[in-house]
Colleague: 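Please see the structure below; I have some questions.
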There are 2 protein chains.
Amino acid sequence: MDEEVEERGSLVKFNIKDVAQKAGVSISTVSRVINSSKPVKQKTKDKVLDAIEELGYRPNAIARSLKVKHTKSIGIMTPDIANQFYPEVVRGIEDVANMYEYSIFLCNTDLNEEKELQYFAELEEKQIDGLIFLGNHVSKELRNEMESADIPVVLIGGKATGIPSVTINNEKAAKDAVDFLLNRNHRRIGIITGKMKDPMMGQARLKGYQKALEEKGIEVKEELVIEGGYRYKSGYDGAKRLMALKVPPTAIFVCSDEMAIGACRAILEDGHEIPKDVAIVGFDNVDISGKVYPSLSTIGQPMYEMGAIAMRLLTKILHNESIGASDIVLDYEVIEREST
Amino acid sequence: MDEEVEERGSLVKFNIKDVAQKAGVSISTVSRVINSSKPVKQKTKDKVLDAIEELGYRPNAIARSLKVKHTKSIGIMTPDIANQFYPEVVRGIEDVANMYEYSIFLCNTDLNEEKELQYFAELEEKQIDGLIFLGNHVSKELRNEMESADIPVVLIGGKATGIPSVTINNEKAAKDAVDFLLNRNHRRIGIITGKMKDPMMGQARLKGYQKALEEKGIEVKEELVIEGGYRYKSGYDGAKRLMALKVPPTAIFVCSDEMAIGACRAILEDGHEIPKDVAIVGFDNVDISGKVYPSLSTIGQPMYEMGAIAMRLLTKILHNESIGASDIVLDYEVIEREST
DNA sequence: TTGTAAGCGTTATCAT
DNA sequence: ATGATAACGCTTACAA
């Protein structure tokens, strides 16, 4: 009853030993042809290749990794892949990872330190060769883990001393955004910030706003700065509050496109016109921001490139082409569209 | 010169043997406490735990996998993570994968068969336990690979005999969408389809459109059906063409939200009003579709759930709780918003 | 309850 | 140019 063994050659898994046997050579020889690690006579090579073909043999990368001590896999930790901003940078990472033959493990942290730690442990156990971390802040504990695990990491969109990173200059970008508004003769400019505990999206961008105003000798009024968050809703609410002021702003700098879209909606709902009554500039240049109506003026972050460059940096580190920390800051652009 | 060995305990990697030594027990005992696979006396267990703690030991999952013959990793193949639709379902997958302690490898196929094959080989070599495939079609070759690799796969958004899948009833959903328009007394209804070679987004949805009209005894006019694609641009172009007709439609069913947003833009640009002059219904209920202006009436696909359920199905298969093929078809909903 | 040892599928060293 | 064989770090009979 148990001679169904070879009924479907497809269902039995072969290993290097089987190939060696079938080809009539040693397993070392098979290994050599698979990896082209040492010269093998053409004739024996052919025998081996035939055997591989016939058996449908696929090398076991797990076994290989155990021996060679790397996995050709890297981790990506992102706050939430379902948020507008990240898929594009993940795509950038993945494209170059693929070029260098790395696979990627994707993790969603929800900006939650517990989850970050848990995922990191998981990835460490799975012996990733490196990690790309998207987020504004790396916690002390995570920092420690990264160091003691001795896994190279590169940060996107955040900074931490000693860890290579790729970012844009958020403060300067924000300043440019409001300078743009200032040059259009707006003098009463509101801002809907990111979370204030967020060093990049929150603090740095607010700082840029302040600087721009101060430079022009304009006082920054408390009533005009509203702490937002990351999402649509907080942009919507923020704009409602701003427009309800006795004297509402003539322009609003909203620290993310998603919030900006929320703000536009709130403003339109209240019967104001964009940009006639209020001008809006967003931040990020998320895919959709050029497609909505009215299309959004915004600060363009090179999301795909940030991913691609970060991954490129990581491969350099992994191949010892580059040593230690290095902070890459990329160019952004101010994009003018219908909302201003 | 080489006694820098213990200068930073953190930089040297320990294995199970080191732990055993430090704790004064055998490695099997250590293994047992790590995996709680067999009872261990509390006292020895404590010794082991202490040793683990002190050394900062992390088990090597690669070595473990080699032995136990599974990796607790699964693959996701998606056309393009940067496209509106997929991140949400990937998130659904990831959340339940995480619950069951699986890690995910993310791959972008660009709907390209070569890439699919290449990725599949890569994932097979890395010994994934299962695969979730997002896409409308699985090619013959890929099919073969899947079978001979003996890796369980579940499909999202497509069907293939013998492979479990989770979908919605695209034809019926499309029919409901245009029925909705019909009930609003539209009689001249245009459609911008997906790619016609796409069985779900293209063919099935067009079929639903046809059926709805036929049922009402309305002839389907060739000039009113326009083949689109997946993206914004084709929706934009399609709407332009439709509105340029001598007698333009009073409503358009657009087979994806991204295209629908493009269509809205085109229509608004030409000075028509939505929904007064033309009503629009989209398909997908992508995150942004409720946030744009005018917000989009659409068919809501439960994207997150599709991912979550697919992953749940996969875990069942992996744990032998369920056998063979099974096709899950989920509910959709027609969502009425401002564009109708 | 604990220890010994074989084996998972590779690569790489050392002979030949 | 090729072949034996010892690792890689773990789990799991089997013995004690």
Side-chain angles (χ1 to χ4, degrees), chain A residues 12-49 51-52 55-73 121-129 149-150, chain B residues 12-49 51-52 55-73 121-129 149-150:
Chain A
V12 358
K13 255 184 161 180
F14 298 104
N15 60 24
I16 200 171
K17 215 165 157 182
D18 300 314
V19 176
Q21 208 151 44
K22 175 128 205 158
V25 300
S26 74
I27 62 172
S28 346
T29 300
V30 177
S31 174
R32 289 193 266 259
V33 351
I34 291 170
N35 302 302
S36 321
S37 46
K38 291 229 169 144
V40 172
K41 202 164 28 137
Q42 186 58 45
K43 208 159 162 196
T44 52
K45 185 184 284 183
D46 290 342
K47 279 193 299 185
V48 172
L49 261 13
I52 289 177
L55 298 181
Y57 167 74
R58 284 275 164 81
N60 182 327
I62 293 292
R64 172 165 215 281
S65 289
L66 180 57
K67 184 68 194 173
V68 301
K69 284 160 167 337
H70 62 249
T71 53
K72 281 287 187 176
S73 299
E122 192 173 315
L123 293 175
E124 182 185 358
E125 295 188 1
K126 290 195 173 167
Q127 313 295 122
I128 51 166
D129 294 341
D150 196 27
Chain B
V12 359
K13 255 184 160 179
F14 297 104
N15 60 23
I16 199 173
K17 212 165 159 183
D18 300 315
V19 176
Q21 206 152 44
K22 177 132 206 158
V25 300
S26 75
I27 63 173
S28 2
T29 300
V30 176
S31 173
R32 290 195 264 262
V33 352
I34 291 170
N35 302 303
S36 322
S37 46
K38 293 230 168 143
V40 172
K41 196 156 43 128
Q42 186 59 45
K43 206 158 165 197
T44 51
K45 186 185 283 186
D46 289 343
K47 280 193 301 185
V48 172
L49 260 13
I52 288 176
L55 297 181
Y57 167 75
R58 284 274 165 81
N60 182 328
I62 293 292
R64 174 165 213 281
S65 289
L66 181 57
K67 185 72 198 167
V68 301
K69 284 160 168 335
H70 61 250
T71 54
K72 281 286 187 179
S73 299
E122 192 173 314
L123 293 174
E124 182 185 358
E125 294 187 3
K126 290 196 172 165
Q127 312 294 122
I128 51 167
D129 294 341
D150 196 28

Colleague: Restricting to side-chain contact (heavy atoms from CB on, under 4.5 Å), what partner residues turn up for A:T71, sequence neighbours left out?
Modeller: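 Residues passing side-chain contact (heavy atoms from CB on, under 4.5 Å) with A:T71: A:S65, A:S73, A:Q127, A:D129, B:I62.
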
Colleague: Both B:K38 and B:L66 contact DNA chain D. Taking the nearest nucleotide for each, which residue is further toward the 5' end?
Modeller: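 The residue closer to the strand's 5' end, by nearest nucleotide, is B:L66.
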
Colleague: Who pairs with B:I27 by side-chain contact (heavy atoms from CB on, under 4.5 Å), at least two apart in sequence or on another chain?
Modeller: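 Applying side-chain contact (heavy atoms from CB on, under 4.5 Å) to B:I27 gives B:I16, B:K17, B:A20.
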
Colleague: Would you name the heavy atoms of B:K45 and B:V40 that are closest together and state the gap between them?
Modeller: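 Residues B:K45 and B:V40, closest heavy atoms: N-CG1, 3.8 Å.
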
Colleague: Looking at B:D18 and B:K13, what are the two nearest heavy atoms and their distance?
Modeller: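 Looking at all heavy atoms of both residues, the shortest contact is OD2-O, 4.2 Å.
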
Colleague: With salt bridge (Lys or Arg N to Asp or Glu O under 4.0 Å) as the rule and sequence neighbours excluded, what pairs involving residues 59-70 of chain B come up?
Modeller: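 Applying salt bridge (Lys or Arg N to Asp or Glu O under 4.0 Å) to every pair that reaches into residues 59-70 of chain B, excluding sequence neighbours, yields nothing.
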
Colleague: Counting C-beta onward and ignoring hydrogens, is there a side-chain heavy-atom pair between B:N60 and B:N15 closer than 4.5 Å?
Modeller: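 Sidechains of B:N15 and B:N60: no contact.
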
Colleague: How would you give the extent of chain A contacts on DNA chain D, as first and last nucleotide 5' to 3' within a 4.0 Å heavy-atom cut-off?
Modeller: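 Range of nucleotides touched by chain A: D:dA1 to D:dG9.
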
Colleague: Who passes side-chain hydrogen bond (donor to acceptor under 3.5 Å, both in side chains) against B:S28, sequence neighbours left out?
Modeller: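 B:S28: side-chain hydrogen bond (donor to acceptor under 3.5 Å, both in side chains) contacts with B:S26.
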
Colleague: On a heavy-atom basis, which atom in A:A63 and which in B:L66 lie closest, and how many Å separate them?
Modeller: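 Shortest heavy-atom contact: CB-CD1, 3.7 Å.
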
Colleague: In residues 57-64 of chain B, which residues come under 4.0 Å of DNA chain D by heavy atom?
Modeller: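 Those residues are B:Y57, B:P59, B:N60, B:A63, B:R64.
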
Colleague: Mind checking if A:K69 touches a base, just sugar-phosphate, or nothing, with heavy atoms under 4.0 Å?
Modeller: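 Sugar-phosphate contact only.
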
Colleague: Could you check whether any side-chain heavy atom of A:E124 comes within less than 4.5 Å of a side-chain heavy atom of A:E122, counting everything from C-beta outward?
Modeller: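 A side-chain contact under 4.5 Å is absent here.
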
Colleague: If we ignore hydrogens and angles and just use 3.5 Å, is the side chain of A:D46 paired with the main-chain N or O of A:L49 as donor and acceptor?
Modeller: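 Side chain of A:D46 to backbone of A:L49, a donor-acceptor pair under 3.5 Å: no, none is there.
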
Colleague: Could you tell me which non-hydrogen atom of A:K72 sits nearest to which non-hydrogen atom of B:K126, and how far apart they are?
Modeller: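 That closest heavy-atom pairing would be O-NZ, 2.7 Å.
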
Colleague: Is the distance from OP1 or OP2 of C:dT11 to the nearest side-chain N or O of A:S31 less than 4.0 Å?
Modeller: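 For C:dT11, OP1 or OP2 has a side-chain N or O of A:S31 closer than 4.0 Å.
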
Colleague: Heavy atoms within less than 4.0 Å of DNA chain D: which residues of residues 39-49 of chain A have one? Give them sorted by number.
Modeller: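 Residues of residues 39-49 of chain A under 4.0 Å from DNA chain D: A:P39, A:V40, A:K41, A:T44.
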
Colleague: What is the distance from atom OG1 of A:T29 to atom NZ of A:K38, rounded to the nearest 0.5 Å?
Modeller: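 Atom-to-atom, A:T29:OG1 and A:K38:NZ are 11.0 Å apart.
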
Colleague: Would you indicate whether the side-chain heavy atoms of B:F14 and B:I52 approach each other to under 4.5 Å?
Modeller: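 The answer is no, as the side chains (C-beta and beyond) never meet within the 4.5 Å cut-off.
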
Colleague: Sequence neighbours left out, what passes side-chain contact (heavy atoms from CB on, under 4.5 Å) with B:K22? Give chain and number order.
Modeller: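 Residues passing side-chain contact (heavy atoms from CB on, under 4.5 Å) with B:K22: B:A51, B:E54, B:L55.
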
Colleague: How sharply is the helix from C:dT1-D:dA16 to C:dT16-D:dA1 bent, taking the axes over five pairs at either end and rounding to 10 degrees?
Modeller: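 One end axis against the other gives 40°.
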
Colleague: For B:E125, which residues count as a side-chain contact (heavy atoms from CB on, under 4.5 Å) partner, sequence neighbours excluded?
Modeller: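 side-chain contact (heavy atoms from CB on, under 4.5 Å) check on B:E125 returns A:R58, A:P59, A:A61.
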
Colleague: Considering only nitrogen or oxygen atoms on both sides, find all protein atoms under 3.5 Å from nucleotides 3-6 of chain C and state each distance.
Modeller:
{"unit_1": "C:dG3", "atom_1": "OP2", "unit_2": "B:S26", "atom_2": "N", "d": "2.9"}
{"unit_1": "C:dG3", "atom_1": "OP2", "unit_2": "B:S26", "atom_2": "OG", "d": "3.1"}
{"unit_1": "C:dG3", "atom_1": "OP2", "unit_2": "B:T29", "atom_2": "OG1", "d": "2.7"}
{"unit_1": "C:dG3", "atom_1": "N7", "unit_2": "B:R32", "atom_2": "NH2", "d": "2.6"}
{"unit_1": "C:dG3", "atom_1": "O6", "unit_2": "B:R32", "atom_2": "NH1", "d": "3.3"}
{"unit_1": "C:dT4", "atom_1": "O4", "unit_2": "B:S28", "atom_2": "OG", "d": "2.8"}

